[in-house]
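Here is the structure we will look at.
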Amino acid sequence: MVINGVEIDDTFAEAFNMRGTRILITAQNLRWAYNAANAMTGFATSVIGCGVEAGIERALSEDETPDGRPGLSVLMFAMGSKVLMQQLETRMGQCILTCPTAAAFAGIESEDMISLGKHLRFFGDGYQVSKQIPDANGKLKRYWRIPVMDGEFLTEETTGMVRAIGGGNFLVLGASQAQVLTACEAAIDAMRKLPNVIMPFPGGVVRSGSKVGSKYPKMFASTNDAFCPTLKGVVKSELDPRVESVMEIVVNGLTFEDIAVSMKAGIEAACGLGKDNGILRVSAGNYGGKLGQHHFKLRPILSGEVSA
Amino acid sequence: MSHITLTAKAVSRSIDCRALLPLALQGKTVAEIAAIKLAANLSVADVFEVSVDEAVAALQLTFKNTTCAHQYIGFGMTSGQINVAGDAGDFLGAQLQNGVLICTGNAGARAGDRMRRGMLLIEGNAGDYCASDMMAGTLGVLGTTGAYLGYGMKRGTLLLQHTPAAQATWVDCGFHKLPFLNILYKSFKRLDSRFAQINSQRVQRWAGDMGGLGKAEILVIQP
């Protein structure tokens with residue numbers, strides 16, 4: 001399969017089951033909502049080292065937020081519910097509670113509800129106030145008002161936790177680092193327009209794709225040498241002589257379809273630059289199909305067939 | 001679900017309305033409601049015209065033409081909504097446990113007494129001892145309030161449009177813009193009430209009753 005002169009490998013991205021949640025962060029203006037959300041999603045690129053993968057999903061208008069202020073929706077993914085709960089509470093306490101004017105609300109409904117402000121309320125040292133207020137559908141929701149130095153920190157008691165998928169990905173292979181980065185930027189711009197997904201790495205792009213294991217016993221992941229351009233000739237490389245740079249876009253989403261649709265949008269945007277601009281191949285990262293439950297096959301996804 | 005309407009007939013005695021709650025009347029026919037005893041020699045039919053609209057999907061009860069003779073309206077209500085199109089007597093919404101009670105007229109003494117949860121909204125004036133011993137929930141008054149406001153109030157929010165007389169056991173916490181009020185006002189928008197028109201988040205906050213637990217608040221809306 002070839003799109004705009006870019007060859008699409010007949011391979012698949014291998015993804016895993018995760019647990020996910022969504023939080024709505026509001027503030028007096030978008031600048032402070034971003035300050036809170038950036039802090040909350042900071043150091044949340046890969047579960048390998050961070051425990052949780054998180055990112056800003058999109059900006060919300062005043063009409064879309066519970067308190068009528070500008071805000072952002074944030075998605076957070078972890079390998080298990082316990083870690084997700086732990087990370088959410090820690091990040092709420094360190095990043096949202098501390099951020100001037102910020103407030104946090106549930107962004108997703110589910111049967112599994114996890115603590116958002118339920119435990120954080122104790123920061124109020126007994127002066128915290130609970131309010132039960134019906135939402136637009138008349139359903140009662142509990143909020144906590146915690147006295148803080150800039151006024152009150154407002155947070156909803158719980159948010160929903162759902163089953164989700166992490167590790168959808170594709171690799172962009174090109175003739176130069178600059179060209180690959182430009183293609184990845186185009187891909188990220190396209191993918192950020194879609195709901196229910198985040199690309200948790202810096203700017204959405206990761207240069208350090210990994211393989212399982214290492215020559216060093218203590219490392220359980222190491223550089224994906226087959227896709228390292230400087231190792232052509234040294235290892236069994238996947239790269240032909242023209243490829244000088246490879247970058248990966250990792251995508252987590254609430255459903256298989258969400259990830260597949262975003263991968264399609266991202267790959268098509270990257271391929272938009274075409275062979276003439278140095279974009280040569282699109283591939284994907286997998287472990288031979290042995291590790292993840294979900295396989296995102298590039299060619300069927302790009303043909304519009306979205307299935308597991 | 002249905003919308004039950006009780007239109008008050010002219011009366012010369014006080015009426016104890018505590019048996020007339022949305023959940024208690026659900027599923028009952030007009031005749032069954034009319035036969036409910038309110039006192040030894042008094043049934044609903046003696047003091048109210050009853051109508052039932054099955055087409056409404058909400059748990060609603062509306063009182064019409066009520067006066068200060070109608071006492072204990074919404075006493076201990078656990079769900080649904082009560083609309084009082086008129087005045088109400090003493091103990092309006094007392095021991096309210098959940099749901100919404102809206103009174104378009106004036107309320108007597110002890111409105112919201114020992115209220116535990118839910119929302120009691122009085123568009124007119126409230127009498128003495130409003131929110132006495134209130135444990136939690138939200139009580140709003142657009143008109144004036146009488147003496148001993150929030151006497152023994154433990155938790156909960158008293159939202160007022162008029163500054164009440166200063167009281168020894170309540171302390172002034174100053175003026176604030178409180179973000180939770182936006183969410184509260186959004187919930188008012190669903191209601192057919194003058195409360196839906198409030199939009200100022202800036203309030204003067206009083207904490208009390210310091211004679212007791214001291215965790216309740218009076219919020220006076222600022223223009």
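Remember, it's a predicted structure, so these values are computed and weren't measured experimentally. Residue numbers begin at 1 in each chain, while the letters A, B, ... track the order of the sequences. The basis for the numbers below is simple: all heavy atoms, side chains too, and nothing from hydrogens, waters or symmetry mates.
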Heavy-atom distance under 4.5 Å to chain B: side chain of A/Thr101, backbone, both or neither? neither
Closest heavy-atom pair and its distance - A/Pro134, B/Ser187: O-CB, 3.3 Å
Going by residue number, which parts of residues 135-158 of chain A are within reach of chain B, meaning a heavy-atom gap below 4.5 Å? A/Asp135, A/Ala136, A/Gly138, A/Leu140, A/Tyr143, A/Arg145, A/Glu152, A/Leu154
Kindly compute the distance separating CG (A/Asp67) from CG (B/Leu178), expressed to the nearest 0.5 Å. 12.5 Å
At what distance, to the nearest 0.5 angstrom, does OG of A/Ser130 lie from NZ of B/Lys215? 11.5 Å
Within 6.0 Å of [atom1] in [X], more than 12 heavy atoms from elsewhere:
X	atom1	answer
B/Lys189	NZ	yes
B/Tyr148	OH	no
B/Lys186	NZ	yes
B/Gln222	CD	yes
B/Arg114	CZ	no
B/Arg190	CZ	yes
A/Phe16	CZ	yes
B/Lys154	NZ	yes

Would you mind checking which part of B/Glu217 comes under 4.5 Å of any heavy atom in chain A, side chain (CB onward), backbone (N, CA, C, O), both or neither? side chain
Could you tell me which portion of B/Arg117 (side chain, backbone, both or neither) has an atom closer than 4.5 angstrom to a non-hydrogen atom of chain A? side chain
Report the C-alpha distance between A/Ile133 and B/Phe180 in whole Å, list the side-chain angles of each, state the deciding distance to 0.1 Å, and finish with yes or no for side-chain contact (heavy atoms from CB on, under 4.5 Å). CA-CA 10 Å; A/Ile133 302 172; B/Phe180 97 94; 4.0 Å; yes
Verdict with reasoning, B/Leu184 to A/Lys131, per side-chain contact (heavy atoms from CB on, under 4.5 Å): CA-CA 9 Å; B/Leu184 188 67; A/Lys131 291 306 296 179; 5.5 Å; no
